[in-house]
Amino acid sequence: MVHFFRVISYLLHPLAINMALMLSFLVFNPYSFLFQDEKDKGVFVIMAVAIVFVIPLVVVAVMKGIGLISSFRMMDKKERIGPLIAIMTCYIWFFINLYNNPVYPDELSILALGSCLAVGMGFFINNFSKISLHAIGAGGLVCGLYLSFSSFELTEFKVTFPLLGSFWISSLFVLILSVLIAGAIGTARLYLNAHRSRDVFGGYLVGIFAFLMANSFL
């Protein structure tokens, strides 16, 4: 079971979760973008993957390589300071790109700002307690999807799979699935003794609260 929960922790890493949340707009509401052609869509995908996932991952890898952190797991909360600053910088960069470009929907800017606030709050709380960054990402995922579906009043959306055809998927099903994913993440972190219960549940609350704050601001 240890290996299973480690796989969950790696696959459902906060960076990957946040990238998936940003790209989810292209799946459930592609018409909210004012793209001129497929090239513009490709630019957005590359920008989201690069700024939200790849660059932060590379920066953390470099920190590991030069000895600023002992491992990617960052068991000591002091080791999290550098990576969190790098991640927050990338997220702010991503938010500014979205907010200043009318091509992208305002709802996506809300999610990007929520991610910035979540990392910022996690950075602050990390000085006092080793809050679960995985749980923050999971809480943000659930709240972000809920805000998006509520804003667009989506009850279902159409998804097309190559060779399989098109299917209509209920937004309620996606929300329930996100809650199950959040539960699996929290269970994995507790099972691996990476965090205490208060760090996990506190992380959920921080993620949810950050996205609610972003929704109020914008």
Side-chain angles (χ1 to χ4, degrees), residues 2-24 44-98 108 111-144 181-182 184-196 199-200 202-208 210-211 214:
V2 172
H3 296 295
F4 172 73
F5 284 122
R6 280 181 179 171
V7 169
I8 288 181
S9 294
Y10 283 122
L11 292 180
L12 301 180
H13 191 277
L15 293 177
I17 287 289
N18 196 49
M19 179 186 67
L21 178 61
M22 299 303 159
L23 293 177
S24 66
F44 168 71
V45 172
I46 293 173
M47 180 179 71
V49 173
I51 300 178
V52 177
F53 183 74
V54 176
I55 295 178
L57 199 63
V58 170
V59 171
V60 174
V62 171
M63 289 182 178
K64 169 68 168 60
I66 62 179
L68 291 180
I69 59 175
S70 59
S71 73
F72 290 108
R73 299 172 66 185
M74 293 179 284
M75 301 300 292
D76 188 338
K77 62 184 181 182
K78 291 182 179 180
E79 291 188 331
R80 294 166 143 204
I81 296 176
L84 283 175
I85 291 175
I87 293 170
M88 186 160 50
T89 302
C90 289
Y91 283 7
I92 293 173
W93 178 20
F94 184 66
F95 166 70
I96 292 174
N97 275 280
L98 296 181
L108 189 57
L111 298 189
L113 179 59
S115 299
C116 296
L117 293 175
V119 176
M121 293 169 67
F123 176 80
F124 175 76
I125 297 174
N126 182 69
N127 291 292
F128 310 98
S129 175
K130 191 190 171 190
I131 193 166
S132 173
L133 302 179
H134 279 77
I136 291 178
L141 172 69
V142 175
C143 190
I181 290 174
I185 291 173
T187 301
R189 304 311 290 164
L190 290 173
Y191 187 89
L192 296 172
N193 292 319
H195 297 281
R196 290 174 290 183
D199 297 325
V200 172
Y204 288 144
L205 292 177
V206 167
I208 293 172
F211 277 73

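Numbering starts at 1 and runs along the sequence shown. Treat the numbers as computed from the prediction; the structure is a model and nothing was measured.
- The shortest heavy-atom contact between Phe94 and Ala112 is CD2-CB, 4.0 Å.
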For this session: Check the pair Leu98 / Met47 against side chain to side chain contact (heavy atoms under 4.5 Å, CB included), numbers first and verdict last.
Result: CA-CA 10 Å; Leu98 296 181; Met47 180 179 71; 3.9 Å; yes

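- When all heavy atoms are compared, the tightest approach of Gly137 to Ile17 is O-CG2, 3.6 Å.
- The distance from the CG atom of Leu15 to the CG atom of Leu133 is 9.5 Å, given to the nearest 0.5 Å.
- In this structure, Asn126 and Lys78 have side chains that are not in contact, with every pair of non-hydrogen atoms separated by 4.5 Å or more.
- How far CG of Leu57 is from CD1 of Ile55: 11.0 Å, rounded to the nearest 0.5 Å.
- Between Phe44 and Leu23, the closest side-chain pair of non-hydrogen atoms falls below 4.5 Å.
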For this session: Just do the side chain to side chain contact (heavy atoms under 4.5 Å, CB included) check on Met22 and Val49 with the steps written out, would you?
Result: CA-CA 9 Å; Met22 299 303 159; Val49 173; over 6 Å; no

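- Ile87 CD1 to Cys116 SG: the interatomic distance, rounded to the nearest 0.5 Å, is 11.5 Å.
- In terms of heavy-atom proximity, Met19 sits nearest to Ala48 at CG-O, 4.5 Å.
- If you take CD1 on Ile96 and CG on Leu113, they are separated by 10.5 Å, rounding to the nearest 0.5 Å.
- Remark: side-chain polar atoms of Tyr91 are not paired, donor with acceptor, to backbone N or O of Gly120 under 3.5 angstrom.
- Nearest heavy atoms, Ile185 versus Ala138: CD1-CB, 3.9 Å.
- Nearest approach of Cys90 to Ile51, heavy atoms of both residues: O-CG2, 3.1 Å.
- Formation of a donor-acceptor pair under 3.5 Å by the Ser115 side chain with backbone atoms of Leu111 is found in this model.
- Partners of Arg196 under the salt bridge (Lys or Arg N to Asp or Glu O under 4.0 Å) rule, at least two apart in sequence or in another chain, are Asp199.
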For this session: Check the pair Ile8, Phe5 against side chain to side chain contact (heavy atoms under 4.5 Å, CB included), reporting the backbone distance first and the verdict last.
Result: CA-CA 5 Å; Ile8 288 181; Phe5 284 122; 4.0 Å; yes

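- Taken from NE2 in His13 to CG in Asn18, the straight-line distance is 11.5 Å, to the nearest 0.5 Å.
- With a 4.5 Å cut-off on side-chain heavy atoms, Val142 and Ile208 do not count as touching.
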For this session: Show the numbers, then the answer: is there a side chain to side chain contact (heavy atoms under 4.5 Å, CB included) between Ser132 and Tyr204?
Result: CA-CA 8 Å; Ser132 173; Tyr204 288 144; over 6 Å; no

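- For the pair Val59 and Met63, the minimum side-chain heavy-atom distance is below 4.5 Å.
- Side-chain contact check for Val58 versus Val54: some heavy-atom pair is nearer than 4.5 Å.
- Using modelled atom types, one side-chain atom of Asn127 and one backbone atom of Phe124 make a donor-acceptor pair closer than 3.5 Å.
- Taking CD1 of Ile69 as the start and CZ of Arg80 as the end, the distance is 11.5 Å to the nearest 0.5 Å.
- Remark: the backbone N or O of Ser9 is paired with a side-chain donor or acceptor of His134 at under 3.5 angstrom.
- Two residues are said to be in side-chain contact when any heavy atoms from C-beta on lie closer than 4.5 Å; Tyr191 and Val2 meet this criterion.
- Of all heavy-atom pairs between Arg6 and Leu192, the closest is CG-CD2, 3.8 Å.
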